[in-house]
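Working notes for the structure below.
Order of appearance sets the numbers: ligands from 1, and atoms from 1 within every ligand.
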Amino acid sequence: MLSAAEIRDRASHLKSTLPPHVRLIAVSKFMPAAAIRAAYEAGIRDFGESRVQEAASKRAELADLTDITWHLIGHLQTNKVRQALQLFDWIHTVDRWKLAERIDTLLKERGAASPRCLLQVKLRPDPQKYGWEKSDLEAALPQLDALLHLRCWGLMTILPLGLAPSEQLQVFQELRAWGEELSTKGWQQLRWQEYSMGMTQDYPLAVQAGATMVRIGTAIFGDRPSALKIQQQ
Ligand SMILES: *Cc1c(COP(=O)(O)O)cnc(C)c1O
């Protein structure tokens, strides 16, 4: 693991290279609370976690850092929604109708502040990943727009492995263009302001294509333990 000083340096350097309108989410999955604390000291306030349980224990350890914005960036099982709603300010991974409906139902019961959500989409076929296919999401949008408690603010995507850089850029541009096209259609609830795209390997292209949030782990915290990499999605 990197030292706290190394994490601080990497985090502040990375922050200084991003345009001010792009929110840097430090992806701290599999990293200890001390690593989050180091990035926090460098001015990072947004952290991304992929698993509900892991986020719960880190939040408890970091309870003194009250101004962190927590982002869920991993697949959310329907039976963990209740807990996720208490832990996260943003849920990037609304990837199916059942999940959207479940979030909406629990928020209706709860009536408290609710996390903002993003719809996770796949613009290229990718059996390894969760997410709506474009046509499925388009078909579901009227129903999603009718959910009064779910707050969708935009789109999220993860690229399939192995795309050439020119194609990576193209997919990011397609996501942004699609969101802008959708935004002109007069929705009641749905908003199209946020584009969560770009990771350590591809974030400069995502920024170029109009990302509003980038999710960066390795470039800040170093490599994750390799046995865990396999399950990182
Ligand atoms: C792990 C992960 C990231 C960060 O990946 P890095 O390559 O370490 O920057 C970003 N987004 C999602 C959805 C992830 O699961």
Looking at every heavy atom in both Ala42 and Arg8, which two are closest together, and how far apart are they? CB-O, 3.5 Å
Taking 4.0 angstrom as the limit and counting only heavy atoms of Ile216, give me the atoms of ligand 1 inside it, by number and element. 9 (O)
If the cut-off is 4.0 Å to any non-hydrogen atom of Thr218, which atoms of ligand 1 fall inside it? 6 (P), 7 (O), 8 (O), 9 (O)
What residues, two or more places apart in sequence or in another chain, satisfy side-chain contact (heavy atoms from CB on, under 4.5 Å) together with Pro127? none
If you measure from CE on Met199 to CD1 on Ile158, what distance do you get to the nearest 0.5 Å? 6.5 Å
Kindly state each residue pair satisfying salt bridge (Lys or Arg N to Asp or Glu O under 4.0 Å) with at least one member in residues 69-89, sequence neighbours excluded. Arg82-Glu109
Which atoms of ligand 1 are found less than 4.0 Å from any heavy atom of Thr200? 6 (P), 7 (O), 8 (O), 9 (O)
Taking Glu49 first and then Lys29, would you say they form a salt bridge - that is, a charged N and a carboxylate O separated by under 4.0 Å? no
Where do Leu99 and Thr93 come nearest, in terms of heavy atoms and distance? CD2-O, 3.5 Å
What part of Arg224, side chain from CB on, backbone N/CA/C/O, both or neither, has a heavy atom under 4.0 Å from ligand 1? side chain
Ligand-side contact atoms (ligand 1) for residue partner Ile158, heavy atom cut-off under 4.0 Å: 13 (C)
Between Arg215, Gln201, His71, flag the one that comes closest to atom 10 (C) of ligand 1 by a heavy atom. Arg215
Between ligand 1 and Gly217, is the shortest N or O to N or O distance under 3.5 Å? yes
